[in-house]
Amino acid sequence: MTPPRHTPTSLSIRAAANAVRPALNLVLSKQWDGLDRLPRGGFIAVANHITEIDPLVVAHAVYSSGSTPHFLAKDSLFRIPVFGGMLGRLEQIPVARDQRGAQRSLHQAREALAAGGAIVIYPEGTLTRDPQLWPMRAKTGAARLALSTGVPVVPITHWGVQGLLAPYGKVPRILPRPRYRLRVGDPVDVADLRELPSTRKVLARATERIEDALTEGVAALRGEEPPELIWDRALRQRVPRRQVQEG
């Protein structure tokens, strides 16, 4: 029997969705492709990151598919007055650098997955610094969680949201009404790596597959060939793709 999709039970999540979804539909024209590829039950969604409003459009799609989105977010955001409390009520998950905080984040993520929710991760760790807005080199955090939990890893890519708010922009541009496309790809195949020890080499291979899935998804939306090299944020230049960062 096919398991039902996770139904959000938090009144705060429902209230936020009821407020945000109509607003997004008003200011953005959208086309979603492949929403039926989102699994039933817990899964990890990995997404490209162009502008600060990306989480809203990704959450919109995930929630509309019937799953509750839980973003892994910097713990500093949870210390912002009012905003931090709102993130907590919306069941988002703070990520800390210290070992105890990291373990607490992992525990919360596992609980959300076990309840059938979706953990949304930006593997790049921040907005892309690539001058042409292609996905950057990824960190290994998404791969670590995927290999340790065994849940599906699904790429969600989008293009066009930057028409509403440019990267690092402060003022949205609502006219003419921007249009964006969002694409759900096939799950990233890491089954062969799950039985192996989580060595740096294994994490690198899993992370490379996530990078490739995001790049391919964005290329399909843009109708362009991606660059042969991938942007490295630390080096501020493109580098060979078969390299990853820890984190």
Side-chain angles (χ1 to χ4, degrees), residues 13 16-17 19-35 37-38 43-65 67-74 76-78 80 83 86-87 90-95 117-139 141-142 153-174 177-185 188 210-211 213-222 226 230-231 233 247:
I13 292 176
V20 172
R21 288 196 295 173
L24 287 176
N25 289 333
L26 179 64
V27 299
L28 281 168
S29 173
K30 66 181 184 298
Q31 178 183 333
W32 290 342
D33 300 312
L35 238 62
R37 295 193 184 102
L38 291 176
F43 66 92
I44 297 169
V46 290
N48 63 312
H49 206 0
I50 301 174
T51 181
E52 282 89 345
I53 60 171
D54 291 352
L56 294 179
V57 299
V58 173
H60 188 186
V62 171
Y63 183 90
S64 295
S65 78
S67 294
T68 303
H70 304 271
F71 285 80
L72 296 185
K74 296 177 182 178
S76 58
L77 295 176
F78 289 77
I80 299 175
F83 181 70
M86 181 177 65
L87 290 177
L90 294 177
E91 300 179 14
Q92 306 312 300
I93 300 173
V95 178
I119 296 296
V120 185
I121 300 177
Y122 290 107
E124 300 162 271
T126 187
L127 301 185
T128 181
R129 304 293 204 277
D130 184 282
Q132 296 177 346
L133 304 183
W134 290 98
M136 298 188 295
R137 270 177 50 175
K139 297 186 177 183
V153 185
V154 184
I156 298 180
T157 51
H158 58 84
W159 183 252
V161 177
Q162 66 274 18
L164 177 64
L165 185 67
Y168 301 101
K170 302 300 182 184
V171 180
R173 183 176 56 199
I174 59 176
R177 187 178 178 222
R179 178 179 179 81
Y180 79 94
R181 290 182 61 196
L182 180 143
R183 177 180 183 270
V184 179
V188 181
I210 291 171
E211 286 178 351
L214 291 178
T215 300
E216 290 167 8
V218 173
L221 293 173
R222 294 174 63 161
I230 190 167
W231 190 266
R233 180 169 54 128

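Any value given below was found using the heavy atoms of this structure, including those in side chains, with hydrogens, waters and symmetry copies removed. Here, residue 1 is the first one in the sequence, and each next residue gets the next number.
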Quick one, Leu77 with Phe83, criterion side-chain contact (heavy atoms from CB on, under 4.5 Å). Give me CA distance, side-chain angles, the key distance, then yes/no. CA-CA 8 Å; Leu77 295 176; Phe83 181 70; 4.3 Å; yes
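- Considering only heavy atoms from C-beta on, Ile13 comes within 4.5 Å of Tyr63 through its side chain.
- The aromatic rings of His49 and Tyr122 sit parallel to each other, their planes meeting at less than 30°, with 60° as the upper class boundary.
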After noting the C-alpha distance and the side-chain angles of Leu133 and Trp159, does the key distance pass the side-chain contact (heavy atoms from CB on, under 4.5 Å) rule? CA-CA 10 Å; Leu133 304 183; Trp159 183 252; 3.8 Å; yes
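- Residues Val218 and Pro135 come closest through the heavy atom pair CG2-CG, 3.9 Å.
- For the pair Glu216/Thr157, no side-chain contact is recorded, criterion being any heavy-atom separation below 4.5 Å from C-beta on.
- Listed here is the closest heavy atom pair of Pro178 and Arg173: CG-O, 3.5 Å.
- Counting only distance, with no hydrogens or angles, the side chain of Ser64 and the backbone of Ala61 share no donor-acceptor pair below 3.5 Å.
- The line from CZ of Arg129 to CZ of Arg233 is 5.5 Å long, rounded to the nearest 0.5 Å.
- The distance from atom CG of Leu164 to atom OH of Tyr180, rounded to the nearest 0.5 Å, is 10.5 Å.
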Would you please test Trp32 and Val184 for side-chain contact (heavy atoms from CB on, under 4.5 Å) and show each step? CA-CA 8 Å; Trp32 290 342; Val184 179; over 6 Å; no
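- Around CD1 of Ile174, the count of heavy atoms belonging to other residues, nucleotides or ligands within 6.0 Å does not exceed 12.
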Could you please spell out the steps behind the side-chain contact (heavy atoms from CB on, under 4.5 Å) verdict for Phe43 and Ser67? CA-CA 9 Å; Phe43 66 92; Ser67 294; 3.6 Å; yes
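- Judged purely by atom type and a 3.5 angstrom limit, Ser65 has no side-chain atom pairing as donor or acceptor with the backbone of Leu35.
- Ile156 places a side-chain heavy atom less than 4.5 Å from the side chain of Val62.
- When atom types are taken as modelled, the side chain of Gln162 and the backbone of Pro167 share no donor-acceptor pair closer than 3.5 angstrom.
- The CG atom of Asp54 sits 6.5 Å away from the CG atom of Asn48 when rounded to the nearest 0.5 Å.
- Nearest approach of Gln92 to Pro69, heavy atoms of both residues: NE2-O, 3.3 Å.
- Leu165 approaches Pro172 most closely through the heavy-atom pair CD1-N, 3.9 Å.
- Heavy atoms only, all atoms of each residue included: Met136 and Asp130 are closest at CG-N, 4.2 Å.
- Expressed to the nearest 0.5 Å, how far CZ of Arg183 lies from NE2 of His158 amounts to 13.5 Å.
- Note that NE2 of His60 is 6.0 Å distant from CG of Leu24, once rounded to the nearest 0.5 Å.
- In terms of modelled atom types and a separation under 3.5 Å, the side chain of Glu211 and the main chain of Ala138 share a donor-acceptor contact.
- In this structure, Val161 and Leu182 have side chains that are not in contact, with every pair of non-hydrogen atoms separated by 4.5 Å or more.
- Phe78 CZ to Ile93 CD1: the interatomic distance, rounded to the nearest 0.5 Å, is 8.0 Å.
- The backbone N or O of Val27 sits nowhere less than 3.5 Å from a side-chain atom of Arg177 that would complete a donor-acceptor pair.
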